[in-house]
Amino acid sequence: MTDATELLVVAQRAAAAGAAVLAGRSASGTAGHGLETTNKGEAGDWVTAFDVAAENAVREAILAERPDDTITGEEHGTTRPASPSGYRWSIDPLDGTTNFIRNIVYYATSVAVADSDGVWLAGVVHAPALGRVYSAARGQGAQLEMAGETSVLGGPVPGRTGLILATGFSYDPATRADQTAGLAGLMEGFADVRRLGSAALDLCLVADGTFDAYGERGLNEHDFAAGALIAEEAGCWVRRPRLTSPLDGGPSTEDRLAAWMCAGALELSGKFPL
């Protein structure tokens, strides 16, 4: 059995490889020029050449050290080795692609790994434009590396006033209409709301106490795999969507769009729909 600490080291290297690709964005013009953008089929759901190149870099880094692990990624789907180890990586090479295209700094490479029972063991969210690396290994807490310093994450401040909710909205028009219609009810007890455009970073900002809670419908596993573990290890209340594993074909679109990903201070656990 591989130790979670060993897996975290691999995750850190892999996420750094992806983030290094994304860091080349500053030389590629503004507002999407030179980024080779294409649309995945839903209005506003973009993919760039950087998404693909970053995923390639992440996969190469993982396979260099763990060639028998299974990998599921946003751009290349699932790859299985001839003799699977039982460990599976879930990677989002560029979470926040629209932000990336528009040169908005909230984007990151997200890398997480689970064991054969589906228990998440290590996760990293590396945000190059922010200069932040969030990480966690199961049972060992969560950390933020920034400007050469490492700090331990402890989640939101309990009982504070002026609570901030983070959320996001689907590219699917019908789901988005439901989300906006329900926003007023969801915000009861919160002073304000933020929508950054990166689920991975939203979860990390709950882990570091910037946000008090985060809730969103319609995410894919790779969107939340690393961030949810980081929030959990920071002591936050976390509820992951109950989705069919990518190894079993993944969830239907209907099931995915209905499922909530939630995290926050423990006292806010009852704020979100079941």
Side-chain angles (χ1 to χ4, degrees), residues 2-28 34-37 46-81 84-85 87-97 99-101 103 105-114 120-138 142-150 198-201 203-204 220-230 246:
T2 304
D3 184 84
T5 304
E6 298 175 43
L7 293 169
L8 178 58
V9 172
V10 178
Q12 289 169 328
R13 291 172 181 163
V21 173
L22 304 186
R25 191 252 176 265
S26 60
S28 301
L35 299 181
E36 298 180 42
T37 59
W46 296 97
V47 62
T48 73
F50 281 83
D51 293 74
V52 177
E55 179 158 329
N56 289 341
V58 172
R59 285 174 175 268
E60 289 170 7
I62 293 170
L63 292 174
E65 299 189 56
R66 300 191 58 83
D68 294 325
D69 289 357
T70 298
I71 300 177
T72 56
E74 181 176 18
E75 306 307 332
H76 297 321
T78 300
T79 55
R80 294 180 175 88
S85 64
Y87 293 94
R88 178 174 67 86
W89 297 80
S90 182
I91 58 179
D92 189 342
L94 174 46
D95 187 58
T97 298
N99 286 347
F100 183 81
I101 291 171
N103 210 15
V105 296
Y106 294 100
Y107 56 84
T109 295
S110 173
V111 179
V113 59
W120 297 102
L121 300 176
V124 177
V125 176
H126 193 136
L130 295 174
R132 299 184 184 186
V133 182
Y134 293 90
S135 63
R138 178 158 296 280
Q143 299 81 36
L144 166 62
E145 295 178 39
M146 185 177 181
E149 297 184 0
T150 300
S198 167
L201 283 171
L203 286 161
C204 290
N220 291 293
E221 180 196 83
H222 54 254
D223 296 317
F224 63 79
L229 178 62
I230 292 165

Could you walk me through whether R59 and T79 pass side-chain hydrogen bond (donor to acceptor under 3.5 Å, both in side chains), step by step? CA-CA 10 Å; R59 285 174 175 268; T79 55; 3.0 Å; yes
N220 side chain vs H222 backbone, donor-acceptor pair below 3.5 Å: no
Identify the two heavy atoms, one from A137 and one from L8, that lie closest to each other, and give their separation to 0.1 Å. CB-CD2, 4.0 Å
Would you check if the side chain of S85 reaches a backbone N or O of D68 as a donor-acceptor pair within less than 3.5 Å? yes
Closest approach of D69 and L63, non-hydrogen atoms and distance? O-CD2, 4.4 Å
T72 (side chain) donor-acceptor with W89 (main chain) under 3.5 angstrom: yes
For E55 versus P93, what's the shortest heavy-atom pair and its separation? N-CB, 3.3 Å
Stepwise side-chain hydrogen bond (donor to acceptor under 3.5 Å, both in side chains) test for N56 and H76: CA-CA 9 Å; N56 289 341; H76 297 321; 2.7 Å; yes
Between Y87 (side chain) and T2 (backbone), is there a donor-acceptor pair under 3.5 Å? yes
Sequence neighbours excluded, which residues qualify as salt bridge (Lys or Arg N to Asp or Glu O under 4.0 Å) partners of R13? E65
Is it the case that the side chains of T150 and Q143 hold a donor-acceptor pair, with the cut-off being a distance below 3.5 Å and no angle test? no
Does T48 offer a backbone N or O that forms a donor-acceptor pair with the side chain of D51 under 3.5 Å? yes
Of all heavy-atom pairs between D95 and A200, which one has the smallest distance, and what is that distance? OD2-N, 3.0 Å
